[in-house]
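One-based numbering, in listed order, for ligands and for the atoms of each.
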Amino acid sequence: MSVKLITRYVKDFVGEHELAAIEPQVQAAHKLLMDRNGPGNDFLGWVDLPENYDKEEFARIKAAAARIQADCDVLVVIGIGGSYLGARAALELLKTPYYNNLPKKTPDIYFAGNSISPDSLNTILKLCEGKRVCVNVISKSGTTTEPALAFRVFRELLEERYGKDGAKSRIYATTDKARGTLKELSDREGYETFVIADDVGGRYSVLTAVGLLPMAVAGIDIDAVMKGAAEARKALAVEKLCDNDCLKYAALRNILYRKGKQIELLVSYEPAFTMMNEWFKQLYGESEGKDNKGLFPASVVCSTDLHSMGQYIQEGRRCLFETVVSFQKAGEDFFVKDDPENLDGLNFLSNQNMSIVNKKAMEGTILAHTEGGVPNLVLEVPEINEHEFGWLVYFFEKACAISGYLLAVNPFNQPGVESYKKNMFALLGKPGYEDRKAELEAKLS
Ligand code: PA5
C-alpha cells in the first residue's frame with residue numbers, strides 16, 4: 001500500500017456508525033463507476049488507463065522527449081486547465097519549482113497559454129530569446145482561446161526563426177485524434193501529434209501524453225509514474241470501505257459535507273506541492289461543483305500559509321475541514337548544526353534533521369486545528385517520487401469520481417465553464433454572438 005489514510009484526527013467529528021451508515025451508498029457509487037452505469041460514463045477511459053494505455057504511443061512519447069532534449073534549450077508547453085495543471089504539478093513536485101534555475105541536462109520548461117495576460121506571454125517570449133525552442137501545444141478540443149492565442153504567437157516565432165520545415169520538427173501537438181482546429185492544423189503542417197482519447201476528460205488526462213510528454217522531457221521516469229498508478233488501480237478496486245482508503249476518503253469528505261462543512265483545504269508541508277494543490281482544485285472543483293452542490297476545494301502550503309491563513313483556520317468560521325498530504329521521508333534532508341553562542345535561541349533544534357522540525361510543525365498544527373474544531377484527514381505518502389505521484393493521481397481521481405456520484409452529480413462534465421467563454425466571445429465581437437454582445441454591453445454601461 002502506498003498512500004495511507006489516517007482517520008485519527010477526524011474521530012471527534014465523525015463516528016464509526018456514520019461511516020457504517022454511508023458504506024452502502026459509497027459501495028453503490030463505486031459499483032456505478034466500475035460497471036460504467038453512472039452519469040458521464042463515456043468519460044471513464046482514465047479508470048483503466050494505467051494498464052490499458054497505448055504502448056506504441058508511449059514509446060513515441062519517449063522518443064519525442066529525447067528529440068526535444070537534443071533539439072532545444074527551452075520547451076514551451078501551451079495549454080490550460082486539464083491540459084496544463086497536471087504536467088506542471090508533476091514537474092514542480094518531482095523536480096522542484098526551481099527546475100528552470102538549476103543546472104541540468106534537460107531543457108527549461110515554461111508554461112504558456114494558461115492566461116490571456118500579455119505580460120505573462122511577453123515574459124516567456126523574452127526568456128526564449130537566443131535559445132533553441134520547441135513547443136508542445138496541448139488542447140483536447142483544439143479550440144480553446146487561451147492556448148490557441150499563445151500557439152499562434154509561438155508558431156509564428158518558430159516559423160520566423162527556423163522556416164516552415166524547421167518549425168514543423170519543433171512543434172508537437174497533443175489533441176483529439178480526429179476533431180478540432182489544432183488537429184486540422186497539425187495534419188496540414190505535419191506536426192507530430194499525440195492523442196487525448198475521447199473517453200478521457202481534460203482534468204483526468206495527466207497520465208496521457210498531456211502530462212507524460214512534458215514529464216519525460218524533464219527527465220521524469222514515466223514508466224515509474226504509470227507503474228504507481230497501475231498499482232493504485234489494483235489496490236483501490238477493493239469493495240469494502242475498511243480495506244479501501246480511496247472509498248473511505250470519499251465517504252468521510254461526504255459525511256463532513258453533509259454535516260455542514262463547505263470547504264476542503266488540501267494541505268501540504270512541501271512548497272513543491274503547490275501546483276499539485278492547483279491540479280486537485282481543478283479536479284474536484286470542476287467535478288463536484290454543479291447543481292448548487294459540492295465542497296469548495298481550497299489549499300494551503302504550510303508552514304508558509306500558517307503565517308497568513310493560520311488564524312482563520314484556527315478561529316474563523318467553522319466551515320472547513322483539512323486533508324493533509326504528509327510525505328513520510330524528505331528527498332534530501334538538512335541537518336541543523338549546534339551554535340555554541342546560541343544568540344538566536346535555536347539550539348533546542350540543534351543536531352536535528354529539518355524534516356523532523358517540519359513534521360513536528362505538522363503534528364502541532366493538526367492538533368491545534370482539530371482542537372479548534374477543524375476535522376483533519378491525513379494522507380500519508382511514503383516519499384516524493386514518480387511511483388507515489390502516479391499512485392496519488394489515481395487515488396484522487398477515483399475518490400473524486402465516487403464523491404461526484406455520492407453527490408448525485410455528473411463528475412465528468414463542466415457545463416459551467418462555457419458561461420464565461422460565451423460572454424468573452426460576445427464582448428470581443430466573435431461572429432455569431434451579436435445579440436449577446438448588445439445585451440452585455442447594455443449591462444456594462
Ligand atoms: O477539464 C477540462 O475539461 C477543462 O479544464 C479543459 O482541460 C480546459 O478547458 C482546456 O481544454 P482543452 O484541452 O480542450 O483546450
Side-chain angles (χ1 to χ4, degrees), residues 39-47 49 76-90 111-117 120-121 135-155 171-186 191 193-214 275-290 294 297 393-394 396-401 403-404 409-425 430:
N41 58 359
D42 42 350
F43 283 99
L44 296 181
W46 59 272
V47 174
L49 194 64
V76 179
V77 178
I78 298 175
I80 195 165
S83 293
Y84 153 61
L85 289 163
R88 184 155 179 194
F111 292 90
N114 51 67
S115 76
I116 323 178
S117 156
S120 171
L121 182 64
V135 167
N136 178 202
V137 53
I138 310 171
S139 177
K140 183 169 197 255
S141 62
T143 55
T144 309
T145 311
E146 290 89 338
L149 207 48
F151 184 50
R152 179 185 274 208
V153 173
F154 280 94
R155 189 160 50 97
I171 294 174
Y172 298 82
T174 308
T175 188
D176 187 85
K177 68 174 185 311
R179 282 169 304 198
T181 320
L182 180 57
K183 176 64 181 160
E184 273 168 42
L185 187 66
S186 304
Y191 306 146
T193 54
F194 297 95
V195 173
I196 313 171
D198 285 346
D199 59 357
V200 181
R203 58 190 173 276
Y204 289 84
S205 70
V206 57
L207 300 180
T208 70
V210 170
L212 295 175
L213 180 57
M275 286 308 295
M276 278 296 283
N277 285 338
E278 298 307 311
W279 171 82
F280 167 90
K281 278 147 74 172
Q282 187 207 0
L283 180 63
Y284 280 75
E286 271 190 4
S287 301
E288 287 195 294
K290 47 200 73 153
V393 162
Y394 196 85
F396 277 132
E397 286 180 349
K398 186 160 185 180
C400 181
S403 296
V409 298
N410 177 350
F412 305 110
N413 65 2
Q414 54 284 328
V417 180
E418 294 311 307
S419 306
Y420 99 89
K421 289 185 192 168
K422 283 184 195 143
N423 284 357
M424 179 177 78
F425 291 150
K430 189 173 177 177

Are the side chains of [Y] and [X] in contact, using a 4.5 Å heavy-atom criterion?
X	Y	result
Ser403	Glu288	yes
Asn410	Phe43	no
Leu85	Phe280	no

Hey, is atom 9 (O) of ligand 1 touched by any protein heavy atom at less than 4.0 Å?
->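 So far as the 4.0 Å threshold goes, atom 9 (O) of ligand 1 is out of reach of every protein heavy atom.
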
Classify the ring geometry between Tyr191 and Phe151 as parallel (under 30°), tilted (30 to 60°) or perpendicular (over 60°).
-> perpendicular

When the ring planes of Phe396 and Tyr284 are compared, do they come out parallel, tilted or perpendicular, using 30° and 60° as the limits?
-> perpendicular

Give the atom numbers and elements of ligand 1 that come within less than 4.0 Å of a heavy atom of [X].
X	value
Ile80	7 (O), 8 (C), 10 (C)
Ser83	7 (O), 12 (P), 13 (O)
Gly202	1 (O), 2 (C), 3 (O), 7 (O)
Ser141	12 (P), 14 (O), 15 (O)
Lys140	12 (P), 13 (O), 14 (O), 15 (O)

Which protein non-hydrogen atom lies closest to atom 1 (O) of ligand 1, naming both residue and atom, and how far is it?
->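 Protein heavy atom at minimum distance: Glu286 OE1, 2.8 Å.
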
Between Thr144 and Glu146, is there a donor-acceptor pair closer than 3.5 Å when you use the side chain of the first and the backbone of the second?
->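 No; judged by distance alone, with no hydrogens or angles, the pair does not exist.
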
Hey, does the side chain of Asn136 reach the backbone of Tyr172 with a donor-acceptor pair shorter than 3.5 angstrom?
->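 Checking the backbone N and O of Tyr172 against the side chain of Asn136, a donor-acceptor pair under 3.5 Å is found.
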
Do ligand 1 and Gly82 have nitrogen or oxygen atoms that lie under 3.5 Å from each other?
-> yes

Could you pull out, from Thr144, Thr174, Val200, the option with a heavy atom nearest to atom 11 (O) of ligand 1?
->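 Shortest heavy-atom distance from atom 11 (O) of ligand 1: Thr144.
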
If you measure from atom 4 (C) of ligand 1 to every heavy atom of Arg203, Gln282, Gln414, which option wins on shortest distance?
-> Gln282

